[in-house]
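The structure under discussion appears below in the form of structure tokens.
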Amino acid sequence: MEYKTIADTGINVSELCFGTMSFGGIADEKTSEAMFNRSREVGINFFDTANIYNQGRAEEILGKLISSCRDDIVLTSKVGFPAGNGPNEGGTSRRHIFLSIEQSLKRLGTDRIEFYFLHRFDDKTDIEETLIALDDLQRQGKILYPAVSNWAAWQIAKALGISERKALAKFKLIQPMYNLVKRQAEVEILPLAKSEQLGVISYSPLGGGLLTGKYGRTKRPNEGRLIEQRNYQLRYGQEHYYETAERFTHYANVNGYDPAALAVAWVRHHPSITAPIIGARNLEQLEPSLASIDIKLEKGQWEEIASLSSTPPLATDHNESEGIAKR
Ligand SMILES: NC(=O)c1ccc[n+]([C@@H]2O[C@H](COP(=O)([O-])OP(=O)(O)OC[C@H]3O[C@@H](n4cnc5c(N)ncnc54)[C@H](OP(=O)(O)O)[C@@H]3O)[C@@H](O)[C@H]2O)c1
């Protein structure tokens, strides 16, 4: 396992981050523990969670697992999506952030979270108000750095400008969705990260299971997130995603790769990505994602694989002289 430094924080993290969205949900406590131990065994020191994963169970389980090795672990958590049905149980208001951090710290059994993510943009709360709340948490030592997920590039850029002007704690890490069929991040998010030297841990490297070889034009597994979860059916509903999955699986098979391992390796090879966040429901699923670190793509191979899906258009319609989106 290799380790990379996140932005200019001096914090070194494994080139794979392990995501705990399955902990306490599709993975019971015993399976979660087995996946955690296996991840530690191969050198992963970086774990992603969120207040809302399985109603806080993911944080609780992760908290127990890190209790004997807390100082060796770099931890994230998140705030922003509704954590309950009450009118103030979501968003990034100062009120909700202050409440949510206490709950996350308690569930995780720790006094600090290294990278604390705003999980989504909240258009009802002033960005500066949110940034001041995060700056306060940093000063209190409850978080080491603010981070952001699922925001548009302009929103992140605006926040970075406010932090600079007001001398507030700055985002050091971002968490966009990114995989072979979801490449929107290439247009503005990843160039922004490069320009502003932000760390990037991207989620869903397998497209929620789409790129593991079990989906194709007409091929569907009996169970799986894309079959069972409405939001994932909507996210990956377009036919061309399944055509790409089939082309990608064929490419992987012909070239002697496990599709899941190659899909994660492809994400990891993007120069702006610090670490893909891998996810699994059991040990068997986890192994190919872990094995991805042994894949070293040849020169030109990233582009070859990228050509199996459509490259997203540039952020300007004045595109005749720009060529394709550059990595
Ligand atoms: N910031 C955000 O908004 C956000 C959103 C999503 C995720 N995340 C983070 O990113 C992490 C990873 O995201 P993700 O779970 O979407 O990643 P992913 O790697 O795209 O999808 C993982 C899913 O793919 C399937 N799978 C994995 N390995 C497989 C294999 N070898 N063979 C067959 N199927 C396999 C499993 O689902 P099935 O068995 O159900 O098919 C598994 O749950 C999460 O745990 C979380 O920490 C963040």
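Remember, it's 1-based here, ligands and their atoms both numbered in the order they're listed. Hydrogens, waters and symmetry mates play no part in the numbers below; they use all other heavy atoms, side chains included.
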Give a yes or no on whether the ring-centroid distance for F47 and F36 is below 6.0 angstrom. yes
Quick check on contacts: which atoms of ligand 1 are under 4.0 angstrom from a heavy atom of G207? 20 (O)
Is the shortest distance from a Lys or Arg side-chain nitrogen in D136 or K142 to a carboxylate oxygen in the other one below 4.0 Å? no
Answer yes or no: does an N/O atom from H119 fall short of 3.5 Å to an N/O atom of ligand 1? yes
Examine ligand 1 and decide if any of its atoms is less than 4.0 Å from a heavy atom belonging to S22. no
I'd like to check which ligand 1 atoms, numbered from 1 as shown, lie under 4.0 Å from a non-hydrogen atom of D48. 9 (C), 46 (C), 47 (O)
Considering only protein heavy atoms, which is closest to atom 43 (O) of ligand 1, and at what distance to one decimal place? R225 NH2, 3.1 Å
Check this for me - ligand 1, G19, N or O atoms closer than 3.5 angstrom, yes or no? yes
Looking only at non-hydrogen atoms, the one of R281, R120, M177, Q175 nearest atom 48 (C) of ligand 1 is Q175
Option nearest atom 16 (O) of ligand 1 (shortest heavy-atom distance, choices S149, A27, G209, S204): S204
Is G208 close enough to touch ligand 1? Criterion: a residue heavy atom under 4.0 Å from a ligand atom. yes
Walk me through it: do K64 and E29 pass the test salt bridge (charged side-chain N to carboxylate O under 4.0 Å, His left out)? CA-CA 10 Å; K64 273 196 213 168; E29 195 162 346; 2.9 Å; yes
If we only consider heavy atoms of Y53, is any one of them less than 4.0 Å away from an atom in ligand 1? yes
Quick one: nearest non-hydrogen protein atom to atom 44 (C) of ligand 1, plus distance? M21 CB, 3.6 Å
Below the 3.5 angstrom mark, is there an N/O of K78, backbone or side chain, next to an N/O of ligand 1? no
Do any nitrogen or oxygen atoms of I278 lie less than 3.5 angstrom from nitrogen or oxygen atoms of ligand 1? no
Tell me whether the NZ or CZ atom of K182 lies within the 45° cone about the ring axis of Y236 and under 6.0 Å from its centre. yes
Counting the benzene-type ring for Trp, do W266 and Y257 have ring centres under 6.0 Å apart? no
Distance under 6.0 Å and angle within 45° of ring axis: R220 vs Y242: yes
Spatial distance of atom CZ (F23) from atom CG (N54) [nearest 0.5 Å]: 10.5 Å
Heavy atom of the protein closest to atom 32 (N) of ligand 1 (residue, atom name, distance): T212 CB, 3.7 Å
Kindly check if the number of other-residue, nucleotide or ligand heavy atoms within 6.0 Å of CG (N85) is above 12? no
Hey, could you give me the CZ/CD1 distance between R40 and I66, rounded to the nearest 0.5 Å? 10.5 Å
